[in-house]
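Right, one structure below, let's go through it.
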Amino acid sequence: MRYQKWLDKNIDDLNDKTIIVTGANSGIGYYSTLCFLYKGAKVIMACRNLEKANKAKRSLLKELPDAKIDIIKLDLSDFNSIDEFSKIIKEKYSKIDALVNNAGVYFMPKVLTKQGYEITMGTNFLGPYYLTHSLLDILIKNKSTIINVSSIVHKNAKIDFNDFFGDKVNRNKIYARSKLAITSFSYYLSELLKDKCKVITSHPGISATNILAPKAGGFSVWFSKLGSRFLKIFTHSPFKASLSIVIGINKENKTNTFFGPRILEISGYPKIVKYNKNSILIKEDLMNKAKELTKKDFSLLD
């Protein structure tokens, strides 16, 4: 397995740990899952498409025949699906050691979530916000680690709270806003939870994942092929990109640590990076907006 020596040297033993990875069936989520399994964890693959999830599970078991894998359906664009997922988790598992909020969408058509919100912001931010709140009691009970996956594009993003869902901007800017939102949420949550849970933020740099797939991202076939070829030549692999997520599981990490790739935050092995100022400045306004839209309020935490 690639990066085996790096994993042996840099990642804690994860035997007896149970980790939820959203969007675990492909790309960075798949390789994060592979790394966690290699280190001995049991992984709950939280995926929207069960057919693809089971195909990914077969591939993982081919690589690691003794791996401990469960699959539970989760659609982050639907609060009802999140409620059902959270109910199953609490009924089936006595402890969850980590939640990896990885799943996301990019360059989606102008469609809406089940609750009527723009799909990119709804899936990439409101979904993880709602999911984390729904699982908060079991996460706090186990002093779990929450790893929120951002993107390098959040650094230049700005959120207009009068146009929160980006009706006046293009799809690239909506995606960047959604990743700024998840970054700001992560910072807010680390301050709120303090010693109750460890909150880690990660961004994978730039990688050749299936985020440019025509069906997943709304691209034409030719653009998808051209863009994916460019990414494979000039950026690092999804496997290497996933290491900036995987390293977030280590016991030695302090809450509110942010990991990104070493080389200009574009590629390479992970290092600690800085939050941009805007993600800190907007956190109160952002949490008020999220509370309004989801009816979930983290400030009520006892």
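It should be emphasised that the depicted structure is a prediction, and the values quoted were computed from it without experimental measurement. Worth knowing before you read on, the calculation uses all heavy atoms, side chains too, and leaves out hydrogens, waters and symmetry mates.
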Do [X] and [Y] have side chains that get closer than 4.5 Å, going by heavy atoms?
X    : Y    : value
L243 : C35  : yes
I19  : I44  : no
L74  : L131 : yes
F259 : K271 : no
N278 : K158 : yes

Closest non-hydrogen atom pair, P128 against I182:
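Nearest pair, atom of P128 first, then I182: CB-CD1, 3.7 Å.
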
Does any N or O in the side chain of [X] come within less than 3.5 Å of the main-chain N or O of [Y], such that one atom is a donor and the other an acceptor?
X    : Y    : answer
S184 : L180 : no
K143 : I140 : no
S144 : L139 : yes
T22  : N102 : yes
S134 : Y130 : yes
N250 : D12  : yes
T294 : A290 : yes
R262 : P270 : yes
K39  : I11  : yes
T18  : K42  : no

Check this for me: does any side-chain nitrogen of one of E84 and K73 sit under 4.0 Å from a carboxylate oxygen of the other?
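So E84 does not pair with K73 through a salt bridge.
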
Lys/Arg-Asp/Glu bridge criterion (N-O < 4.0 Å) met for D160, K168:
no

State yes or no: are the ring centers of Y187 and F258 separated by less than 6.0 Å?
no

Output field: ring centroids F239/Y30 closer than 6.0 Å:
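No, too far apart.
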
Sole candidate of T123, N124, T120 that passes side chain to side chain donor-acceptor pair (under 3.5 Å) when paired with S178
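One option only clears the test, and that one is N124.
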
E191 and K283: CA distance, side-chain angles, deciding distance, salt bridge (Lys or Arg N to Asp or Glu O under 4.0 Å) verdict:
CA-CA 11 Å; E191 291 189 323; K283 59 186 174 67; 3.2 Å; yes

Is atom NZ of K110 surrounded by more than 12 heavy atoms (other residues, nucleotides or ligands) closer than 6.0 Å?
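Count over threshold, so yes.
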
Between [X] and [Y]: side-chain donor-acceptor atoms closer than 3.5 Å:
X    : Y    : value
S86  : D83  : no
Q115 : D78  : yes
Y106 : N172 : yes
Y93  : D70  : yes
D13  : N15  : yes
T183 : S150 : yes

Honestly curious: do L14 and W6 fall in one hydrophobic cluster under the side-chain, below-4.5 Å linking rule?
yes

Check whether Y269 forms a cation-pi arrangement with K240 (NZ or CZ under 6.0 Å from the six-membered ring centre, at most 45° off the ring normal).
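Yes, a cation-pi geometry.
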
